[in-house]
Amino acid sequence: MKRIYLDYAATTPTDPEVAKAMLPYLTKSYGNPSSLHSFGLEAKEAIEEARGSIADSIGARSSEVIFTSGGTEADNLAIKGITFQNKSRGDHIITSSIEHPAAIETCKFLEKRGNRITYLRVDSNGLVDPDEIKKAITNKTILVSIMHANNEVGTIEPIADIAKITKEADIPFHTDAVQTFGHIPVNVKSLGVDLLSVSAHKLYGPKGIGALYVRKGLELTPLFHGGGQENKNRSGTENTASIVGFAKAVDLTIQEIPTETIRLTSLRDLFIKGILEKIDDTRLNGHPQLRLPNNINVSIDYIEGESVMLNLDLEGICVSTGSACSSSEHGPSHVLLAMGLPREQAYGSLRITLGRWTNETHIEYILDSLIKIVTKLRAMSPLVVKVKNIE
Amino acid sequence: MKRIYLDYAATTPTDPEVAKAMLPYLTKSYGNPSSLHSFGLEAKEAIEEARGSIADSIGARSSEVIFTSGGTEADNLAIKGITFQNKSRGDHIITSSIEHPAAIETCKFLEKRGNRITYLRVDSNGLVDPDEIKKAITNKTILVSIMHANNEVGTIEPIADIAKITKEADIPFHTDAVQTFGHIPVNVKSLGVDLLSVSAHKLYGPKGIGALYVRKGLELTPLFHGGGQENKNRSGTENTASIVGFAKAVDLTIQEIPTETIRLTSLRDLFIKGILEKIDDTRLNGHPQLRLPNNINVSIDYIEGESVMLNLDLEGICVSTGSACSSSEHGPSHVLLAMGLPREQAYGSLRITLGRWTNETHIEYILDSLIKIVTKLRAMSPLVVKVKNIE
Amino acid sequence: MMAKGLFNFSKKILERFSNPENVGRIVKPDGIGYVSDPSHGIDLELYIKINNSIITEAKFKAFGCAATIATISMVSEMIEGKSIDQALAISEDEISAALNGLPPSKMHCARLGRELISSAIYDSKKRSNI
Amino acid sequence: MMAKGLFNFSKKILERFSNPENVGRIVKPDGIGYVSDPSHGIDLELYIKINNSIITEAKFKAFGCAATIATISMVSEMIEGKSIDQALAISEDEISAALNGLPPSKMHCARLGRELISSAIYDSKKRSNI
Ligand SMILES: Cc1ncc(COP(=O)(O)O)c(C=O)c1O
Ligand SMILES: Cc1ncc(COP(=O)(O)O)c(C=O)c1O
């Protein structure tokens, strides 16, 4: 069965050109970048070239980019690194209630250890209000961490506005740009941030590699101690092949942003229009305009997201849902709940994210499948009659 | 120029078969292992299969293996994870003075934050004395961490003997097996350890992937918080391709241990005999018998290691030295110093590590080159006359 | 490298879930079971007809995940033709076995199935006592 | 993908280091400079002949890393034909430039070179004062 992948926000295929760029650094130029001999040097040079080009692409200097094992490590390094480093100055962190688990669970961990955390509310579109940040700042605040765009609902946050506030208060500002890097312009200067997390596998690079931008002058307590790689910020033998692949992916993807934005936005809006028109009792989650070009998130009343997702999967369509249902973990998306959705609606949410290989045929195909599936599942649902009093 | 790589302890080339096994998980089976749809499931299954086969190979259960971004992360996770988790029980860690920086720098970091660390001495062969561990244990001891074999001098430590002591005292015992896994038998049961670190790039697997074995029942504080992957012990999107490559590398390498041990030991001893016979004032560092089959570490008096290494590099031979000389970092190997070598001798050390593609011709070639280079450098050295009173 | 089945579901679960039997309501049921926890994404109804202590017909409605739908459909079929006591005696393991095995992360569905049977039979007893 | 040079050393450093000039000692020198820090892997000797305040000959011995050896060899050559004052005026940057640039991690070698010149000239002054 042909499969249609519409879960690009979860991860993307590695571009074959990226894989090709990686291969020589696995089997041929395999030296340990810390080795002083020629094998080591050629690996080191490849890493520094990659660092330079990634730094360039976000308006940073090479020395401000730390390679990590992914977005999760970058978020952990930023939040824990700043918190541990500034223990004597304060204990208060401001974040939002819709951050990725890599940030929010890190904050919860710190909270258990005694830090104070403010989890800012968002409005019904998922937007953080910069004024709330201003109000939340105390003289013990050591970090503000607000994501650039949300991974579930695609809402793009007012990072530059927040940065003005943090700059004035002289508090380090971290943004998780894992969902935006390679998808919309990301520039540390125009955003005005002090720390910024990115991850290669969201932009057609390999999994297991990411980076943290740390503004010159800002000091972090490392998560890993050891050989002192990455300017002592992140010990461990460097993942040369993946770093090279990351840079290649950035190169290829960033070029495409202007054209892909137009193409994906139009596919996205085609789908949104289609589902809202063709299926009753559905609604778009996330901001209608301030939204990632490739993100669709809809609530479909009376039915449960995971069952929709699996029905789609049986038809070869891969999407994601804000609801997970397992014996160990229950509960709908914390993002949708924070946006004020009733729990039942949050359970009926579907995330469809588009990418380089998505075309109009896919959009039509998933719309058709979705109509059939929703009809079938609603016929089974006890909620339909309860809510609408029809059968 | 043809290059001869004799720095296999620093890193190994990725086996082309390993690279081949990884490729489909980059470009085709690229799903996020946490995704519930078929793309996610096939990635998940590949990971669990890899976990199973790596666990098998060390005599562990699948659920006892946590994938990490490498040996450094594994060491940090073991040491910090156990220390943070047992804060209420105690604050004392026992380790040796010859651990890899990934362990020793982690201990130093903890020491600065208030933990008490015992850095055990080693004898002139680099051996830890299990009796010293017994003596060092207090009722506040929460962890013992001793490496399986040393990365510089190749000495294999009496892990099973130490394990008897830690078991009796009911203290978690971690061993860094990064240098032994794939090179000599590694089995958590017969070693008797509770935690064990490994890294793929030391056994013809890719860089940036490793694992930590954690005995069932033992709890760790994670280094990364987030999506709860790796049974909540290590959040972050799993590096599917590298995990699959890691398992493939383990598979290929472990098979070869019996034959490679014989072959490499004989090449190793050929070289050791050659250098000790042909060059005056040289000596073998590390244990003559309890030693990794592929490790040679020699001190060459009156000359400095880095200059030998670079001269060899100019002849196409890549080796390593225990001495680094840069404006920011000075000083000879902490391992050699701990073994009691005078600083000048420690400066004149060379590590030559053999591997799958090393043959007798290489050994002869490096011996010949080394004789020429040593003669030339000694002619320049002021130490020769000072020490031997000849010119 | 093709997936063996969603969630590692058995073929039986996948079939059940794509084409569940016994969907619907019974107009004049002898008992209705409810397990309702919409805040946990679950709302289940089971309708039964009883004749001489034998369950003669069962239908269900379900708001829930795929495994829940498959399980409840299976449960509705399992109790048909059984006596009330037999139906009450069905264990979670039996339900799982009838589906050729629920994956561990979905074992709670079998528990929901048992609760739903109990609830429907309890309701029928209440009704017949009036 | 071939390495551009060890440590990113300039070709000049690599040449100097593989075939350093002025290796050796002068039997009756007018001055000997020492920079000795064997515990940091460094032991350097510079022998000079002086005629009419002009350095006419220089030789060296060096225990040290590759960059140190190359630097000291270069220094020994740079001072030949220079007056004592000119030799003392040689800056670290000039030494680095003569080697087509020392990498940042090896800039301390230039400092060692300067110290060695001073030490040899100081020694020569002491001797001539006797
Ligand atoms: C917004 C956001 N932050 C962080 C992460 C974590 O990055 P990684 O998957 O590289 O660990 C993700 C994706 O999983 C994400 O979408
Ligand atoms: C003994 C030992 N421990 C830990 C490490 C660190 O592992 P990695 O290079 O995967 O970070 C190494 C190698 O660098 C090692 O030799």
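All values below come from the heavy atoms of this structure, side chains included, with hydrogens, waters and symmetry mates left out. Per chain, numbering begins at 1; letters A, B, ... match sequence-line order.
- Counting only heavy atoms from C-beta outward, the side chains of Phe63(C) and Leu377(A) never approach each other to under 4.5 Å.
- Nearest heavy atom pair, residue Glu306(A) against residue Cys65(C), reads OE2-CB, 3.6 Å.
- Residues Ala379(A) and Val23(C) come closest through the heavy atom pair O-CG1, 3.9 Å.
- In terms of non-hydrogen atom pairs under 4.5 Å with chain A, the most contact-rich of Ala66(C), Pro20(C), Ser73(C) is Ala66(C).
- Closest approach of Pro382(A) and Glu45(C) over heavy atoms only: CB-OE2, 3.3 Å.
- If you take CG on Asn19(C) and NZ on Lys376(A), they are separated by 5.5 Å, rounding to the nearest 0.5 Å.
- Ile69(C) CD1 to Leu310(A) CG: the interatomic distance, rounded to the nearest 0.5 Å, is 9.5 Å.
- In this structure the side chain of Tyr347(A) never reaches within 4.5 angstrom of the side chain of Ile42(C), judged on heavy atoms.
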